[in-house]
Amino acid sequence: MTPTTRRAFRLCAGLLALLTSPALGAAENYKLTPDSLPQDGVPKGAVTKHRLAKSEVFPGTERGYWVYVPAQYKADGPPACVMVFQDGVWYQDPKGDYRVPTVFDNLIHRGELPVTVGVFVNPGTFPGAREGEKPRSNRSFEYDSLSPSYARFVEQEILPEVAKTVRLRTDAAGRAICGISSGGICAFTAAWQNPQLFSKVLSHVGSFTNIRGGDAYPGLIRKASPKAVRVYLQDGAADLDNEHGSWPLGNLQMAAALRYKGYDYKLVYGEGAHNGKHGGVDLPDALRWLWRGEIEASQKR
């Protein structure tokens with residue numbers, strides 16, 4: 001069997017899994033490993049909560065965000081790597097699916113991840129115009145739009161705030177971005193539009209569908225010159241299929257396009273639905289893969 005034939009076979013197998021996938025919410029046997037659980041003797045980083053009361057990029061919005069600083073960070077040492085997470089409240093939750101601060105603690109302690117600051121940013125909301133009126137979310141506009149606006153927001157409004165108290169790497173090699181669902185396509189858009197800002201993308205059940213035109217990405221990738229971006233995709237056969245498109249098919253098409261253009265990419269495809277169960281269990285391996293080589297590179301700087 002030739003390499004081309006093997007690739008075609010794997011793609012067909014993925015499509016077959018999609019067409020015969022179990023119903024949404026089928027049994028998902030994903031259990032957190034010790035990498036995602038607090039361990040004795042592992043120094044714990046500090047997580048602080050912040051609020052951005054206004055935005056120039058997204059006028060009228062306000063939002064909360066969290067900053068994780070690892071115990072190994074030294075103010076008089078070298079700048080830290082940084083990883084930005086959309087839907088920050090989910091990723092920093094110590095009892096949630098991802099538990100990023102605990103995973104960072106464990107991997108940094110073992111030298112499997114460089115000293116990395118985590119920035120967990122919630123989508124913007126518009127406050128209610130009248131007393132008692134609920135805030136209106138700006139999430140889909142910020143995350144699903146295929147524009148450079150969100151990357152500009154992170155670069156000009158979020159990272160400068162974090163950098164007031166923590167020294168951060170400013171080169172793309174020292175920066176990564178991650179998100180789930182619409183936050184996943186947002187992560188890819190940020191790096192696609194600004195590869196000089198982010199060189200690493202982690203997408204969990206990414207919405208590469210036609211919510212705001214995201215289904216165009218596989219075609220755009222195939223026709224554009226490759227960009228210096230490393231991409232990790234996670235999805236499952238029981239992910240969403242609705243009027244916007246098929247999430248599993250969208251991720252399979254993304255993987256095929258990235259492979260065709262020779263990107264450094266990885267697709268982890270399981271049986272899960274549109275949630276963080278599989279992505280949470282897989283997170284430590286995803287981080288090791290994304291950041292591989294960076295500890296050695298940092299030591300040479």
Candidate pair F208 and D215, rule side-chain contact (heavy atoms from CB on, under 4.5 Å), full reasoning: CA-CA 5 Å; F208 297 102; D215 57 333; over 6 Å; no

Worked verdict on V121 versus V154 for side-chain contact (heavy atoms from CB on, under 4.5 Å): CA-CA 9 Å; V121 188; V154 172; 5.8 Å; no

Go through W247 and D235 one step at a time and tell me if the side-chain contact (heavy atoms from CB on, under 4.5 Å) criterion holds. CA-CA 8 Å; W247 269 246; D235 200 22; 4.2 Å; yes

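A pairwise comparison of heavy atoms in I177 and A190 identifies CD1-CB, 3.7 Å as the closest pair. A151 approaches N194 most closely through the heavy-atom pair CB-ND2, 3.1 Å. For the pair N106 and S36, the tightest heavy-atom approach, listed with the atom from each and the gap, is ND2-N, 4.2 Å. The two residues P226 and K261 make their nearest non-hydrogen contact at CG-O, 3.5 Å. For P160 against E155, the heavy-atom pair with the smallest separation is CD-O, 3.1 Å. Counting all heavy atoms, side chain and backbone alike, A75 lies closest to R167 at O-CD, 3.6 Å.
N251 contributes no side-chain N or O that, together with a main-chain N or O of L233, makes up a donor-acceptor pair within less than 3.5 Å. The backbone N or O of V231 lies less than 3.5 Å from no partner atom in the side chain of K200, so there is not a single donor-acceptor pair. Formation of a donor-acceptor pair under 3.5 Å by the S207 side chain with backbone atoms of S182 is found in this model. A donor-acceptor contact shorter than 3.5 Å is absent between the side chain of K134 and the backbone of G128. Distance alone, capped at 3.5 Å, is enough to place a donor-acceptor pair between the S199 side chain and the A172 backbone. Put simply, the side chain of N242 gets close to the backbone of H244: a donor and an acceptor are under 3.5 Å apart. Counting only distance, with no hydrogens or angles, the side chain of R292 and the backbone of L287 share no donor-acceptor pair below 3.5 Å. Y263 contributes a side-chain N or O that, together with a main-chain N or O of K227, makes up a donor-acceptor pair within less than 3.5 Å.
Between the side chains of H274 and D239, a donor-acceptor pair is found at a separation under 3.5 Å. Side chains of S149 and S147: a donor on one and an acceptor on the other come within 3.5 Å.
V229 has its side chain out of reach of Y265: every pair of non-hydrogen atoms, C-beta onward, lies at least 4.5 Å apart. Residues I158 and V119 form a side-chain contact, since some pair of their non-hydrogen atoms from C-beta on lies under 4.5 Å apart. Counting only heavy atoms from C-beta outward, the side chains of V205 and I180 approach each other to under 4.5 Å. Between L267 and Y232 the shortest side-chain heavy-atom distance does not fall below 4.5 Å. Counting only heavy atoms from C-beta outward, the side chains of V117 and C81 never approach each other to under 4.5 Å. Inter-residue side-chain proximity for Q39 and P34 is flagged as met; some heavy-atom pair is nearer than 4.5 Å. For the pair I221 and Y260, the minimum side-chain heavy-atom distance is 4.5 Å or more. Side-chain atoms of M83 and L202, non-hydrogen and from C-beta on, do get closer than 4.5 Å to each other.
Rounded to the nearest 0.5 angstrom, Y143 OH and R212 CZ are separated by 13.5 Å. Here the CH2 atom belonging to W192 is positioned 6.0 Å from the CG atom belonging to L220, to the nearest 0.5 angstrom. Between the CZ atom in R175 and the CD atom in Q196 there is a gap of 9.5 Å [rounded to 0.5 Å]. Atom CD1 in I211 sits 9.0 Å away from atom CD in E243 (nearest 0.5 Å). In this structure, the separation between CG on L290 and SG on C178 is 8.5 Å, given to the nearest 0.5 Å. A distance of 9.5 Å separates CG of D35 from CG of L283, quoted to the nearest 0.5 Å.
Taking the ring pair (Phe, Tyr, Trp, His ring centres under 6.0 Å) definition, one finds that F141 meets it with nothing, sequence neighbours left out. Listed by chain and residue number, Y65 satisfy the ring pair (Phe, Tyr, Trp, His ring centres under 6.0 Å) test with H50 (two or more places apart in sequence, or in another chain). By the salt bridge (Lys or Arg N to Asp or Glu O under 4.0 Å) test, R63 is found to be paired with E142, residues two or more places apart in sequence or in another chain being considered. Take E157 and apply the salt bridge (Lys or Arg N to Asp or Glu O under 4.0 Å) test, not counting sequence neighbours, and it matches no residue. Residues forming a side chain to side chain contact (heavy atoms under 4.5 Å, CB included) with E112 (at least two apart in sequence, or on another chain): L107, R110, R288. Every side chain to side chain contact (heavy atoms under 4.5 Å, CB included) that T189 has, sequence neighbours left out, goes to L146, I185, Q193, Y217. Residues satisfying the salt bridge (Lys or Arg N to Asp or Glu O under 4.0 Å) criterion with R152, sequence neighbours excluded, are absent altogether. Listed by chain and number, the residues in a salt bridge (Lys or Arg N to Asp or Glu O under 4.0 Å) with R136 amount to none (sequence neighbours excluded).
For the side-chain hydrogen bond (donor to acceptor under 3.5 Å, both in side chains) condition, the pairs that include at least one residue of residues 119-133, sequence neighbours left out, are R130-E133. Under the side-chain hydrogen bond (donor to acceptor under 3.5 Å, both in side chains) criterion, the residue pairs touching residues 83-92 are Q86-Y150, D87-R139, Y91-H204, with sequence neighbours excluded.
For K54 and E62, the salt-bridge test fails: no basic side-chain N is under 4.0 Å from an acidic carboxylate O. Ion pairing between a basic and an acidic side chain is recognised when a charged N comes within 4.0 Å of a carboxylate O; R169 and E294 show such pairing.
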Scan the side chains in residues 95-105 for donor-acceptor partners under 3.5 Å anywhere in the protein, sequence neighbours excluded, and list what turns up.
residue : atom : partner : partner atom : Å
R99     : NE   : G96     : O            : 2.8
D105    : OD1  : G45     : N            : 3.0
D105    : OD1  : Y68     : OH           : 2.7

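Connection of V89 to F153 is established within a shared hydrophobic cluster, with ILVMFWY side chains joined at heavy-atom distances below 4.5 Å, either directly or through further cluster members. Note: the hydrophobic cluster containing V42 does not contain I108 (ILVMFWY, side chain heavy atoms under 4.5 Å, direct or indirect links).
Cluster partners of L32 are Y30, L37, V281, counting Ile, Leu, Val, Met, Phe, Trp and Tyr whose side-chain heavy atoms approach within less than 4.5 Å, directly or via other members.
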